[in-house]
Structures are given as structure tokens and as C-alpha cells.
2 protein chains.
Amino acid sequence: MLARVSSTPTFKRLPRAVREQQMLDAAVKVFSRRGFHASSMDEIADDAGISKPMVYAYLGTKEELFVACLHREGTRMMEAIAGAAAPDLPADERLWRGLRAFFGFVGAHRDGWAVLYRQARGEQPFAAELATMRGRLVEVVAGMLDHALRAKGREVGATDLEVVAYALVGATESLADWLADHPEADPEKTATRMMNVAWLGADQLLRGITWHPPAG
Amino acid sequence: MLARVSSTPTFKRLPRAVREQQMLDAAVKVFSRRGFHASSMDEIADDAGISKPMVYAYLGTKEELFVACLHREGTRMMEAIAGAAAPDLPADERLWRGLRAFFGFVGAHRDGWAVLYRQARGEQPFAAELATMRGRLVEVVAGMLDHALRAKGREVGATDLEVVAYALVGATESLADWLADHPEADPEKTATRMMNVAWLGADQLLRGITWHPPAG
DNA sequence: GCGTAACCCTACGCACGAGTAGGTATGCTC
DNA sequence: GAGCATACCTACTCGTGCGTAGGGTTACGC
């Protein structure tokens with residue numbers, strides 16, 4: 001009821017843009033650890049060093065806040081990857097640069113990655129949005145493979161291509177998750193390992209070498 | 001206060017074992033769609049055609065109920081895989097049978113898979129349990145690769161092996177997720193596609209062919 | 001130097017959902 | 001057929017946490 005005695009305001013007045021980023025930082029941190037539902041707006045506000053109504057004033061409801069986190073981390077990630085993998089390089093070089101950028105991002109933004117990968121997948125309102133982003137990634141990888149294939153005069157069904165791309169993206173995400181849990185691991189080295197699995201396998205496929213189930 | 005008039009009891013009295021399975025079925029279904037926190041015990045009880053106190057009496061708290069779901073679906077899956085992949089077969093044959101069993105399971109228990117893969121990962125109390133199960137799978141795959149390698153007189157660092165296994169498991173899970181979202185897709189065919197990516201890649205690695213980052 | 005807008009707070013209302021109290025009916029055993 | 005365990009219910013309590021009402025203080029334009 002009675003506000004703080006007007007002596008020393010222990011808080012600083014900061015411009016909106018700055019506060020918003022602080023709030024998003026806190027939100028990403030809390031969401032990544034607790035998950036969407038188990039996170040409380042109070043804790044997020046607290047962690048951001050601000051009171052709850054400010055969060056509502058700037059970022060809206062809890063759901064909108066989560067979406068804002070998703071957007072920030074997602075576009076950051078996409079930009080990191082897109083900026084690294086120029087489209088006019090050979091496929092293996094593109095893949096390598098893309099992977100390196102990706103693992104670099106995850107290594108540097110483990111919380112952001114956790115929100116995207118571990119939390120958003122299960123919660124219905126966000127899963128669709130996430131799937132779209134992931135779909136774009138899969139498309140890029142599939143396009144890359146398709147491009148490389150055509151250069152060799154070969155062609156593969158669209159579904160086959162999509163599924164292979166899906167598997168590669170999944171393997172990469174899985175390793176990213178491993179990386180997020182192993183702070184001592186080197187992102188660069190992890191990218192190299194991924195390249196070993198992905199490229200050596202993809203290379204075989206590009207040469208038209210395929211595996212078939214045994215008879216019976 | 002006043003209970004139902006004792007005329008026609010619309011419900012059937014069933015033995016505990018049966019009701020428990022019905023409850024678990026309902027719980028898996030609801031948890032897989034809504035996630036742990038967004039699911040209510042009322043909805044689960046309702047879906048099982050029973051009242052809430054019965055759920056508490058048989059399966060305990062919400063958390064214990066979720067763990068029970070995890071256990072049932074997890075062991076079902078593990079058994080399906082273990083039963084298919086006999087340990088004294090050649091590596092490619094084992095991998096193929098394991099994959100086929102796995103995708104078969106996911107195709108037949110999409111809800112169960114969703115609980116395991118999408119929901120349990122983010123929620124702290126369960127993530128550890130899940131990681132253990134997943135770890136066992138990774139170990140099996142790593143052991144398989146190691147076995148195949150030794151047969152060729154080759155050897156690879158333990159971390160390298162683990163990471164490759166991790167990538168393969170991740171790729172497989174990712175395809176399983178794709179399968180769960182594509183009811184028209186054929187589990188057998190998906191397994192074949194996975195085999196193409198996994199085995200052709202792994203085969204190269206087993207031959208000692210590795211990829212190295214370009215200079216610069 | 002005064003209005004007005006931007007920043008920021010404390011302290012609630014209110015709904016939703018986990019878990020329980022307390023009681024009824026049915027079948028099984030002896 | 002009396003006793004007892006099991007199966008099952010309706011109707012609560014109570015904590016937790018989202019979102020807001022209502023109000024105070026600093027800066028900035030004019």
C-alpha cells in the first residue's frame with residue numbers, strides 16, 4: 001500500500017529496449033531449466049531484477065513471453081547458420097560451415113538451445129511454430145543434397161530426400177544436446193565428428209550406393 | 001453428499017489390474033497430447049472412465065503416474081528391440097533388425113513414443129530417468145560398432161565411439177518423430193531409409209575412412 | 001517550471017487443479 | 001449371512017501462480 005520511502009531508489013531506470021532484453025535473458029534461463037509450465041512469472045521477473053507487472057507491460061502474457069524467447073533464439077540461430085553457409089560453395093564445404101556455425105551457436109547459447117529443443121517440442125501452442133523452423137532447416141539440407149545429386153546427373157524421390165535430410169538434422173540436434181550437457185566438450189570437434197557421420201554417409205548416397213533389406 | 005440412488009450402477013466393477021492398465025492407457029494418451037503440467041488428473045480419470053480418487057488409490061500422485069507411464073512404455077520398447085536384435089549376428093544384420101523393431105514399435109505406439117521423447121525430456125524430475133534409458137541404447141549401439149571395429153583389427157577412442165552412437169540414435173529418434181507425425185508412412189520403409197543413412201555412414205567409418213576439416 | 005509520458009512498485013482477486021475426507025455398494029470367505 | 005476387503009463415488013480444501021488495480025517517481029519536451 002505504502003510505497004518505498006523516497007530516499008534511495010535501489011533500482012535503476014532503464015530504457016525499454018534494455019529491460020526487454022534483460023527480461024528475455026531471464027526468461028530463457030528459467031524456461032530452459034524448469035520448462036514452460038513449471039516456470040513462474042514471479043521467478044522470471046525476479047531473475048530479471050524487475051517486478052512482475054513490468055514483464056506484463058513489455059512482453060505480454062506468459063505465452064507471449066515464451067513465443068518471444070522462441071523467436072529471439074530461433075532467429076539468432078538461423079542467422080548464425082545462414083551467415084556461415086554461403087549458397088555457392090560445394091555441398092561438403094557448405095555442410096561443414098553450417099555445422100560449425102550451428103555447434104558454435106549451441107555451445108555459446110546452451111540455454112537458448114534447451115528452450116528450443118527440449119521445452120518447445122512438447123507444448124502444443126509452440127510445437128507448430130518450432131516445426132516450421134525445423135522444416136525450413138530440413139528443406140535447406142534437402143535442397144543441398146538435391147543440388148549435389150543433380151550435379152552428378154542423378155535424381156531421388158522427394159520423400160527420400162526429405163527423410164534423409166530429417167535424419168541428418170536429427171542426428172545433429174542430438175549431438176547438440178550432448179554438447180549442451182558436456183560443458184568441457186569442444187564445439188569445433190563435435191562438428192567434425194558430426195561431419196564424419198553425416199558426410200561419409202551422405203556421400204555414399206550421392207554416389208548412388210544404397211542399402212537394401214536382406215531377403216526374408 | 002448423497003450418493004447415487006441405488007438402482008442401476010452405470011459403472012462396472014473391474015479387478016485392479018485391468019483398471020490400472022486402463023488408467024495408464026488414458027494417462028499416456030493425455031500426457032502425450034498436453035504434456036505433463038497441462039494435463040489434469042480429472043481429464044485422465046475421465047478418459048479412463050473412472051473417478052479421480054481411484055487413480056490416486058491405484059497409481060499414486062501425478063508424478064508417480066507419469067513415472068509409471070514412462071516405465072511401461074520404456075520397457076515395452078526396450079523389450080521389442082532387445083527381442084529382435086540377437087547379439088550374435090553380424091553388425092549390419094543386428095542394426096537392421098533393431099531398427100525395424102524400433103520403428104515398428106513407434107508406428108504401433110505413437111502416443112507412448114510421444115510421452116517418452118517429447119514430454120519427458122524437458123521436465124526435470126523425469127529427464128534423468130529418460131537419459132539413463134537412452135544411455136543404455138547408446139551403449140548398445142556403441143558396443144556394436146566397437147565389436148565390428150575390433151573384428152577388423154581397428155580401434156577408436158571411447159568418446160568418438162560414444163558420439164557416433166549418439167548421432168545414430170538421435171537420427172533414429174528424429175525419424176521416429178517424423179513417423180509419428182505421418183500416419184500414412186510405412187514403418188518398414190522408414191527403417192530401410194534410416195539404415196541407408198546409418199549403415200552406409202557407419203560402414204565408411206568402420207573401414208577407417210574419416211573426414212577432416214579443410215585447412216584454414 | 002510544469003504537464004505528460006515513461007518507468008516502476010506493492011498488493012491484491014480469482015481460477016484452476018492436486019490431493020483428500022468420508023461414505024456406499026458389491027462380492028468373497030468361512 | 002456376518003464380516004471384511006475391495007471397488008467405487010461425490011464433494012470438498014487449499015495452495016499456487018497468472019494477471020491486474022491502483023498508485024508513485026523520474027525524465028523530458030516546451
Side-chain angles (χ1 to χ4, degrees), chain A residues 1-24 26-27 30-31 33-69 119 123-126, chain B residues 1-24 26-27 30-31 33-69 119 123-126:
Chain A
M1 200 59 87
L2 197 42
R4 158 201 334 278
V5 202
S6 79
S7 51
T8 32
T10 56
F11 53 88
K12 275 182 191 155
R13 282 169 87 88
L14 289 175
R16 176 167 185 153
V18 176
R19 278 285 190 235
E20 276 183 351
Q21 292 308 311
Q22 290 178 347
M23 289 175 190
L24 285 174
V30 174
F31 281 140
R33 280 157 181 58
R34 302 223 192 290
F36 176 71
H37 284 281
S39 301
S40 80
M41 292 298 269
D42 287 280
E43 182 176 358
I44 291 170
D46 212 55
D47 201 278
I50 210 87
S51 75
K52 202 167 44 155
M54 284 311 296
V55 181
Y56 279 89
Y58 284 176
L59 278 327
T61 64
K62 192 181 184 186
E63 230 170 84
E64 289 166 344
L65 174 61
F66 193 87
V67 169
C69 292
Q119 307 302 342
E123 311 290 343
Q124 276 199 309
F126 320 117
Chain B
M1 201 61 86
L2 197 40
R4 158 201 337 275
V5 201
S6 79
S7 50
T8 32
T10 57
F11 53 87
K12 276 182 192 156
R13 281 170 87 87
L14 290 176
R16 176 167 184 154
V18 176
R19 278 285 191 239
E20 275 183 350
Q21 292 309 311
Q22 291 179 347
M23 289 174 189
L24 286 175
V30 175
F31 280 141
R33 281 157 179 60
R34 303 222 192 290
F36 177 73
H37 284 281
S39 302
S40 80
M41 293 298 267
D42 286 279
E43 181 176 359
I44 291 170
D46 212 56
D47 201 277
I50 210 88
S51 76
K52 200 166 46 155
M54 285 311 295
V55 182
Y56 280 90
Y58 284 175
L59 278 326
T61 63
K62 190 181 184 186
E63 229 169 82
E64 289 165 345
L65 175 61
F66 193 87
V67 169
C69 291
Q119 307 304 341
E123 310 290 342
Q124 276 199 307
F126 320 116

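Lettering of chains follows the sequences in order, A, B, ..., and the numbering in each one begins at 1.
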Closest heavy-atom pair and its distance - [X], [Y]:
| X | Y | result |
| --- | --- | --- |
| A:Y58 | A:E20 | O-OE2, 3.8 Å |
| B:I44 | B:F31 | CD1-CZ, 3.8 Å |
| A:M41 | A:T61 | CE-C, 4.3 Å |

For atom [atom1] of [X] and atom [atom2] of [N], their distance in whole Å:
| X | N | atom1 | atom2 | answer |
| --- | --- | --- | --- | --- |
| B:H37 | D:dG15 | NE2 | P | 20 Å |
| A:F66 | D:dC18 | CZ | C1' | 17 Å |
| B:F36 | C:dG17 | CZ | P | 13 Å |
| A:R34 | D:dT16 | CZ | C1' | 14 Å |
| B:M54 | C:dA25 | CE | C1' | 13 Å |
| A:E63 | D:dG19 | CD | C1' | 13 Å |
| A:I44 | D:dG17 | CD1 | P | 12 Å |
| B:E20 | D:dC8 | CD | C1' | 15 Å |

Among [options], the nucleotide that comes nearest once only the side chain of [X] is considered:
| X | options | answer |
| --- | --- | --- |
| A:D42 | D:dG17, C:dT10, C:dA21 | D:dG17 |
| A:K62 | D:dC18, C:dG17, C:dC8 | D:dC18 |
| B:T61 | C:dC7, D:dG17, C:dG19 | C:dG19 |
| B:Y56 | D:dG19, C:dT20, D:dC8 | C:dT20 |
| B:K52 | C:dG19, D:dC8, D:dC18 | C:dG19 |
| B:P53 | C:dG19, C:dT26, D:dA11 | D:dA11 |

B:E123 and B:F66, any side-chain heavy atoms less than 4.5 Å apart: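 In short, these two side chains do not touch, never coming nearer than 4.5 Å.
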Regarding A:M41, tell me which of base, sugar-phosphate or nothing describes its non-hydrogen contacts under 4.0 Å with the strands shown.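 Sugar-phosphate, backbone atoms only, no base.
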Sugar-phosphate only, base, or nothing, as touched by B:S51 at under 4.0 Å among non-hydrogen atoms: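 If one applies the 4.0 Å heavy-atom cut-off, B:S51 turns out to touch a base.
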5' precedence on DNA chain D between B:Y58 and A:A38 (nearest-nucleotide basis):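 Whichever sits nearer the 5' end wins; that is B:Y58.
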Do A:R13 and D:dA27 have a side chain to base donor-acceptor pair shorter than 3.5 Å?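 No.
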What residue among B:M23, B:M54, B:E64 forms side-chain contact (heavy atoms from CB on, under 4.5 Å) with B:L59?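 Single pass found, and it is B:M23.
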Side-chain N or O of A:R19 versus OP1/OP2 of C:dC8: is the shortest distance under 4.0 Å?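 A:R19 to C:dC8 OP1/OP2: side-chain N or O found under 4.0 Å.
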